[in-house]
Amino acid sequence: MKRKFNPYNLPPWLRTVRNACSKFIIPFCIFQGIRTMLLPTTFDVLFLSLLIVLALSIYLDII
């Protein structure tokens, strides 16, 4: 049985961290995307994909 995610069950400090991440994740993705376009390295591509997955999971309420 799958439980529905409820952010109010989290500790207050973790909710604060999650809200701060949701504010800054899109500008970090944009910056990293521009950086990856200019100087693509393996690390930049992997880091950008990690940031995109993190942004999607935050905005889709998976984490």
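In what follows, every heavy atom counts, from backbone to side chain, and hydrogens, waters and symmetry copies are set aside.
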Under a 4.5 Å side-chain heavy-atom rule over Ile, Leu, Val, Met, Phe, Trp and Tyr, are [X] and [Y] clustered together?
{"X": "Phe24", "Y": "Ile58", "result": "yes"}
{"X": "Leu50", "Y": "Met37", "result": "no"}
{"X": "Ile30", "Y": "Ile52", "result": "no"}
{"X": "Leu38", "Y": "Leu48", "result": "no"}
{"X": "Ile34", "Y": "Val45", "result": "no"}

[atom1] of [X] to [atom2] of [Y]: how many Å apart, nearest 0.5 Å?
{"X": "Leu54", "Y": "Ile25", "atom1": "CG", "atom2": "CD1", "value": "4.0 Å"}
{"X": "Leu56", "Y": "Leu51", "atom1": "CG", "atom2": "CG", "value": "11.0 Å"}
{"X": "Phe47", "Y": "Arg35", "atom1": "CZ", "atom2": "CZ", "value": "9.0 Å"}

With heavy-atom distances below 4.5 Å as the criterion, would you say the side chains of Tyr59 and Ile26 are in contact?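 Counting from C-beta outward, Tyr59 and Ile26 do come under 4.5 Å.
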With no hydrogens and no angle check, do the side chains of Ser22 and Asn19 hold a donor and an acceptor under 3.5 Å apart?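 No pair is found: no donor N or O on one side chain lies under 3.5 Å from an acceptor on the other.
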Is Arg15 atom CZ crowded by more than 12 heavy atoms from other residues, nucleotides or ligands, each under 6.0 Å away?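 Result for CZ/Arg15: enclosed.
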